[in-house]
Amino acid sequence: MAKAATEYSDYDISDDSLGRINRNKIDKPLICFCVLNFFLNAAVSVIAPFYPPLAKEKAHVSVSTIGYIFGLNPIGAFFFSLVMGKKMSHWGRRRCMLLGLVIQSAVVVAFGLLDFMTFNKELFVTVSCVTRFLQGASRAAYSSISFAYIPILWPDSIQKKISILETLTGLGLMSGPFIGAALDALFGYQMIFYVLGGIFFLALIPTAIFLPEDDHSINKKPQLNSKRVIRNRQIWSLGLLLTMMSAGTTFINPIFSIHMKCYNMEEDVASLLLGWLTISYIICINIVPKLLQCIDKKVILTFGLFCSCIGDLIIAPLGIFPNKWFMTMIGLPFIGVANAFCVLPAIPQFIDYLNQLFNSDPSLRLPISDLSSGLFISFYSLGTFVGPVIGGIVYDAFLVNSSNEAQLDSFQRSSYTMAGLQAIVSILFIFGGDVYAQKYKRIRQGENMGISLEEEDEYEGSNKIGVQMFSSTQPNVSHDESS
């Protein structure tokens with residue numbers, strides 16, 4: 001195999017090891033990604049228990065306005081991740097990540113400064129909206145770039161590295177409120193955000209040192225044709241699946257505590273029980289890589305959304321089951337497990353679809369990796385916004401009074417609505433994502449890739465992407481230039 005161009009000079013990218021880190025050295029980029037992933041997600045969840053009381057009691061902001069402010073985070077992530085997926089290779093991955101950390105540091109500190117703005121409601125709301133939007137955008141920049149680095153730096157263990165980062169994501173989301181409570185008890189509200197902002201600012205140093213330098217010659221390389229991507233039904237099918245998966249997890253956020261109050265459960269206890277979903281996700285995210293070695297990614301994705309559908313039905317059971325709080329606790333792990341089944345194979349599956357769309361052109365391997373991570377973050381972020389909106393609208397639409405029976409009925413209808421939408425999207429993905437079709441035509445793939453069928457069998461059986469994604473010997477094939 002011919003030696004590839006050394007885009008990342010600090011890494012061993014010679015034969016059969018393109019982009020792989022020397023195993024004899026400490027995996028510094030992975031450590032950097034893990035630590036930042038933890039604190040970025042902790043910064044997202046730390047706001048939930050502390051910001052609403054400040055906004056409602058001191059700044060006199062309505063509950064609905066607080067909900068809109070919270071929704072700006074995934075909206076910022078949705079739009080900006082699409083931009084990053086397309087442009088990060090041209091702007092520079094490391095440069096964009098450093099800029100994202102600077103913005104994240106500034107907006108987190110701004111949340112602490114909101115304590116000084118409660119005297120002016122308009123100023124408080126304006127700064128809250130801007131900072132929440134920018135927090136989502138900068139977090140999307142980091143997440144898109146970190147996921148884009150994975151197929152480049154660790155092409156032989158993509159799912160494993162994603163599972164590691166997602167484990168830290170879950171731990172960060174779980175730990176955020178506890179970190180915030182500790183800092184609030186010791187130093188007060190403002191110090192929560194000053195400490196986290198300082199961590200992000202200091203993280204600029206290891207990020208600049210440990211990540212490979214940007215390849216400034218990338219601007220001379222071919223680009224993906226955006227129109228072909230937009231028109232591709234497989235991309236949209238997988239994107240809708242991710243959106244509904246995320247929506248099925250987040251639709252309970254605005255109504256879960258209200259629902260559990262019907263069982264005489266306090267809000268703090270309900271929030272702790274909701275962590276059972278995250279725990280099941282963390283456990284399963286480290287099991288799925290083993291399943292991906294023997295089961296096709298598309299099958300796992302479909303099963304994941306069906307599993308979430310079942311979980312949504314269990315948390316609000318039919319009359320034949322006891323409608324008690326423990327049924328909700330039984331259903332939550334189904335949703336957590338389903339998340340792991342959908343999150344882990346998503347980026348490799350986007351890569352597979354894009355490789356098929358662009359004939360596995362090796363000159364497009366980096367743009368395909370970048371766009372795949374951007375699509376993943378974008379569709380998942382869209383679901384985190386759509387879910388609470390659907391849950392809240394359906395809940396209010398069927399709520400006839402404030403009795404426990406009426407609230408239980410409204411929660412049940414919200415859950416059934418989400419389960420029905422997920423079932424529909426699962427069926428659409430089976431056909432739109434070609435789940436039922438053969439993976440590839442073996443002879444044609446062997447001819448295109450310039451490999452023997454024996455080599456192809458090895459990669460097909462292990463569910464790896466290395467042959468398609470990182471081969472440096474494949475001849476150039478024609479493709480449309482980006483418009």
Side-chain angles (χ1 to χ4, degrees), residues 40-80 103-140 173 176-181 183-185 187-197 247 250-261 266-268 270-271 274 381-382 384-397 399 402 407 410 414:
L40 279 167
N41 286 280
V44 172
S45 62
V46 76
I47 294 174
F50 297 100
Y51 175 80
L54 177 72
K56 184 179 179 180
E57 297 171 9
K58 292 187 176 182
H60 307 291
V61 178
S62 65
V63 175
S64 59
T65 302
I66 294 174
Y68 294 137
I69 291 172
F70 270 73
L72 286 173
N73 184 286
I75 289 297
F78 171 74
F79 287 109
F80 205 74
I103 296 175
Q104 183 74 204
S105 176
V107 298
V108 170
V109 170
F111 269 103
L113 295 176
L114 286 173
D115 198 24
F116 298 110
M117 306 178 193
T118 54
F119 65 91
N120 189 321
K121 180 179 177 180
E122 290 73 19
L123 176 64
F124 183 91
V125 172
T126 300
V127 174
S128 297
C129 290
V130 173
T131 52
R132 188 68 175 167
F133 182 87
L134 290 177
Q135 185 188 33
S138 58
R139 180 168 171 255
L173 290 173
F178 296 103
I179 295 174
L183 292 174
D184 182 48
F187 307 108
Y189 167 85
Q190 298 175 30
M191 192 57 64
I192 301 172
F193 303 98
Y194 297 161
V195 170
L196 289 173
T250 58
F251 86 97
I252 61 176
N253 287 352
I255 57 179
F256 183 77
S257 295
I258 299 174
H259 174 66
M260 300 309 288
K261 277 187 176 180
E266 297 297 329
E267 291 183 5
D268 54 348
S271 62
L274 191 58
S381 298
L382 179 62
T384 62
F385 174 75
V386 170
V389 171
I390 294 177
I393 290 176
V394 176
Y395 186 91
D396 289 337
L399 185 64
S402 59
Q407 294 184 35
S410 292
S414 296

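- The closest side-chain heavy-atom distance from I390 to F251 is not below 4.5 Å.
- Remark: F78 engages L82, S378, S381, L382 in a side chain to side chain contact (heavy atoms under 4.5 Å, CB included) (not counting sequence neighbours).
- Other residues, nucleotides and ligands contribute only 12 or fewer heavy atoms inside 6.0 Å of the CZ atom of F79.
- Nearest heavy-atom pair across T250 and T384 is OG1-CA, 3.6 Å.
- For the atom pair CZ (R139) and CG (L40), the distance works out to 7.0 Å, reported to the nearest 0.5 Å.
- Considering only residues two or more places apart in sequence or on other chains, Y395 meets the side chain to side chain contact (heavy atoms under 4.5 Å, CB included) condition with I255, I258, L399, Q407, S410, F411, S414.
- For Q104, the side chain to side chain donor-acceptor pair (under 3.5 Å) partners at least two apart in sequence or on another chain are S138.
- One finds the CD atom of Q135 at 11.0 Å from the CG atom of L72 (value rounded to the nearest 0.5 Å).
- Among residue pairs with one or both ends in residues 66-78, none qualify as salt bridge (Lys or Arg N to Asp or Glu O under 4.0 Å); sequence neighbours excluded.
- Partners of F124 under the ring-ring contact (aromatic ring centres under 6.0 Å, His included) rule, at least two apart in sequence or in another chain, are Y51.
- The side chain to side chain contact (heavy atoms under 4.5 Å, CB included) check on I179 picks up F38, A42, S175, L183, with sequence neighbours excluded.
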Under 3.5 Å, sequence neighbours excluded: what are the donor-acceptor pairs made by side chains of residues 107-123?
from: D115; atom 1: OD2; to: Q190; atom 2: NE2; distance (Å): 3.2
from: N120; atom 1: OD1; to: E122; atom 2: N; distance (Å): 3.2
from: N120; atom 1: OD1; to: L123; atom 2: N; distance (Å): 3.1
from: K121; atom 1: NZ; to: H60; atom 2: O; distance (Å): 3.4

